[in-house]
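A quick write-up on the structure given underneath.
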2 protein chains.
Amino acid sequence: MGAKRCAVTLEDVARQAGVSLATASRAINGSARTVRPEIRERVERAARALNYAANAQAQAVARGRTNLVGLVVQDIEDPYFSSIAAGAMRAAEANGLMVSIAGTGRRPDKEVEYAAALRGLRAAAIVIAGSRTDDRDALDRLGAELDAFERSGGRVALIGQRRLPVDTVVVANRAGARDLGTRLVGLGYRSFGVLAGPRGLLTAADRLTGFAEGLAASDVVVPHEAIMYGEFDRDGGHDAMLELLARRGEVECVFAVNDVMAVGALAALRSRGLERTVAVAGFDDITTLRDVTPALTTVRLPLVEIGEAALEMVLREPADTPRRRLVRGEVVLRESTPGVRRG
Amino acid sequence: MGAKRCAVTLEDVARQAGVSLATASRAINGSARTVRPEIRERVERAARALNYAANAQAQAVARGRTNLVGLVVQDIEDPYFSSIAAGAMRAAEANGLMVSIAGTGRRPDKEVEYAAALRGLRAAAIVIAGSRTDDRDALDRLGAELDAFERSGGRVALIGQRRLPVDTVVVANRAGARDLGTRLVGLGYRSFGVLAGPRGLLTAADRLTGFAEGLAASDVVVPHEAIMYGEFDRDGGHDAMLELLARRGEVECVFAVNDVMAVGALAALRSRGLERTVAVAGFDDITTLRDVTPALTTVRLPLVEIGEAALEMVLREPADTPRRRLVRGEVVLRESTPGVRRG
DNA sequence: TTGAAAGCGCTAACAA
DNA sequence: TTGTTAGCGCTTTCAA
């Protein structure tokens, strides 16, 4: 067993200050200014002398609420999520909240598990940022758990797509990809491939759909065989690119459904000496990836703001009907898609 | 005020199962198998039916300990820290712990503040990953706070350099940079510049010192005017590189004290058409940066393992004398330092 | 304005 | 094996 905890308690402070427990509580952690200044001063001095730190757990039990908010992401190492986390943490700090972060490793069931844990912690709120799959079952379980969480007085916000009747920061993946497709056609590309990420991953699917729509507006289609599924990460993009080359030869332009994959694709092209021959576009505009060469055409998502927005949403009183906040991406054309001159 | 929390309590479960509170507690959250199977089954069924989630705060108060560990980093968006966080979170999950993450934004006082908050939360442990400054005062305050935390029964580990008498995962910045310097001299470089990061940032200073030592072994020195101080991030590297070019012209090889800065430096060189003329080396081997071109020579640090190691350290019983776990970096030569042929 | 005391939900002696 | 009960540290009525 670990050493027994023997921290300074409020009772110690009260005794040292020569006041009652209640008064000490009011002086230090209470709200109403119902304590005489000189007494308050005395209590505060005692607390400082004893280096008192209020037991947040005990306060939580007594008050029935905490200042903890849980953030559930897929993988904190992924810059997409770490930017969102940074935004959420910044907003949390501004509001005196602590953030507990959990990573699911892209297993939908982990989301449910953490939500339950956060309910146990009596977290004030849960924010879930996940490119959830279309696994209907997992979604139902998550919905049930979040429901229980809300009924027990907690607040919930999702980041991604609107799949559940809770406050959601909706990312316009489809519209962004559509815009991108339109712009690429405008640059003269006609022959496309898509590195589509995993089947069943909603974010990926939305981006693929939108992209196809953007092309379709100009009667361009992505042949079925030029859509390569694979992992949602760098290696997934790399491998899918190689396979696409093997299968289709040199398409003019490749859309990878996120930047990390796009970078993998670029690496694959480079290994074949094709990085200036085949155009590549990504999605997200990941900060740390802005210096790759050729600079990546992409759809910029304000990830930090998205994290902040989710946290702010969750801080507000619940509305009777779930709020949606739409965040659009903005196409950023760079040298990875220089355009083609058609004769 | 927010809605009143009215979660299912253990008492509800006990009543529903027709047993006493104590029995219900033992059946669900207790350790010893001192409950008859059929009763346990009954209690568990009741809990499930009621969708009971134990109040972790109340458990914490009653037990006097929590399963929360606090992780304090500078900036979760920085891949250096997000990798460490990923490692710590992975190890935490494997041990049934929740992780609360706080970002200091590189303000040393925030470390103290969060440590105090975590003491209030009765966190089981605190892990601080910070390239702390040489600000003696801030360090003393942190030491005092961590001391109070430990005395109240918590465990502490640091990641970085050994500055305080607590368990530490020591990163061999100096030795790594020394090796790097040696290898670069071996490649034929003689004229160096260093993008040294902020003055007073220990990690940066250690890397600079080590690098200079590595060169000195071959009687190569970095001229004082070729050491450029600046921010520890991408823009810091970029700007410092431009300034170095302005001041010294084309040195043969530039050492940026971290990869992110090195990428900024590459961008600056590229803007001058010099990215294949001036060699660049970094430090860390950040995963998402492995595909920049030219591929970056660097010192690889096992960041995820470092995070795991810190968490494992903190899980063990405290030793009577602080533990140190040394992690060395490994030089990785890539095309950003092709070497020179001297005539 | 202050103090006494009743909880908050749970655990862990101690009895039965 | 089960139940009773006294805490855990704090907040918050309710009186004084």
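Chain A is the first sequence line, chain B the second, and so forth, proteins listed ahead of strands; every chain is numbered from 1.
- Fit an axis to the five pairs at each end of the helix from dT1(C)-dA16(D) to dA16(C)-dT1(D) and the two axes sit 40° apart, to the nearest 10 degrees.
- Taking for each of A62(A) and R63(B) the nucleotide of DNA chain D with the nearest heavy atom, the 5'-most of the two is the partner of R63(B).
- For residues 69-92 of chain B, every residue pair satisfying the salt bridge (charged side-chain N to carboxylate O under 4.0 Å, His left out) rule, not counting sequence neighbours, is listed here: D78(B)-R106(B), R90(B)-E308(B).
- For the pair R119(B) CZ and dG9(D) P, the computed distance is 14 Å after rounding to whole Å.
- Judged as a salt bridge (Lys or Arg N to Asp or Glu O under 4.0 Å), and not counting sequence neighbours, the contacts of D167(A) are R155(A), R323(A).
- Around the CZ atom of R107(A), the shell of radius 6.0 Å holds more than 12 heavy atoms that belong to other residues, nucleotides or ligands.
- With hydrogens and angles disregarded, a donor-acceptor distance shorter than 3.5 Å links the side chain of S152(A) to the backbone of F149(A).
- One interatomic measurement links the two molecules: CG of D12(A) to P of dG9(D), which rounds to 9 Å at whole-angstrom precision.
- A salt bridge between R141(A) and E111(A) is absent, with no side-chain N of the basic residue lying under 4.0 Å from a carboxylate O of the acidic one.
- Between L121(A) atom CG and dC10(C) atom C1' the separation is 14 Å, expressed in whole Å.
- Distance CZ (R122(B)) to C1' (dC10(D)): 11 Å, rounded to an integer number of Å.
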Provide a list of protein-nucleic acid N or O atom pairs under 3.5 angstrom, restricted to nucleotides 2-5 of chain D.
from: dT2(D); atom 1: OP1; to: R36(B); atom 2: NE; distance (Å): 3.1
from: dT2(D); atom 1: OP1; to: R36(B); atom 2: NH2; distance (Å): 3.1
from: dT2(D); atom 1: OP2; to: R36(B); atom 2: N; distance (Å): 2.6
from: dG3(D); atom 1: OP2; to: S20(B); atom 2: N; distance (Å): 3.1
from: dG3(D); atom 1: OP2; to: S20(B); atom 2: OG; distance (Å): 3.1
from: dG3(D); atom 1: OP2; to: T23(B); atom 2: OG1; distance (Å): 2.4
from: dG3(D); atom 1: N7; to: R26(B); atom 2: NH2; distance (Å): 2.5
from: dG3(D); atom 1: O6; to: R26(B); atom 2: NH1; distance (Å): 3.0

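- Using a 4.0 Å heavy-atom criterion, one finds that A60(B) contacts no nucleic acid atom at all.
- Taking atom CG of N55(A) as the reference point, atom C1' of dG9(D) lies 6 Å away to the nearest angstrom.
- What separates CD of E11(A) from C1' of dG7(D) is a distance of 12 Å, to the nearest Å.
- Residues satisfying the salt bridge (Lys or Arg N to Asp or Glu O under 4.0 Å) criterion with R48(A), sequence neighbours excluded, are absent altogether.
- Side-chain N or O atoms of S25(B) include none that pairs as donor or acceptor with a backbone N or O of T23(B) at under 3.5 Å.
- In this structure, T9(B) reaches the sugar-phosphate backbone alone: every heavy-atom distance under 4.0 Å involves primed, P, OP1 or OP2 atoms, never a base.
- Considering only residues two or more places apart in sequence or on other chains, E41(A) meets the side-chain hydrogen bond (donor to acceptor under 3.5 Å, both in side chains) condition with R45(A).
- Between the CG atom of L10(B) and the C1' atom of dC8(C) there is a distance of 13 Å, rounded to whole Å.
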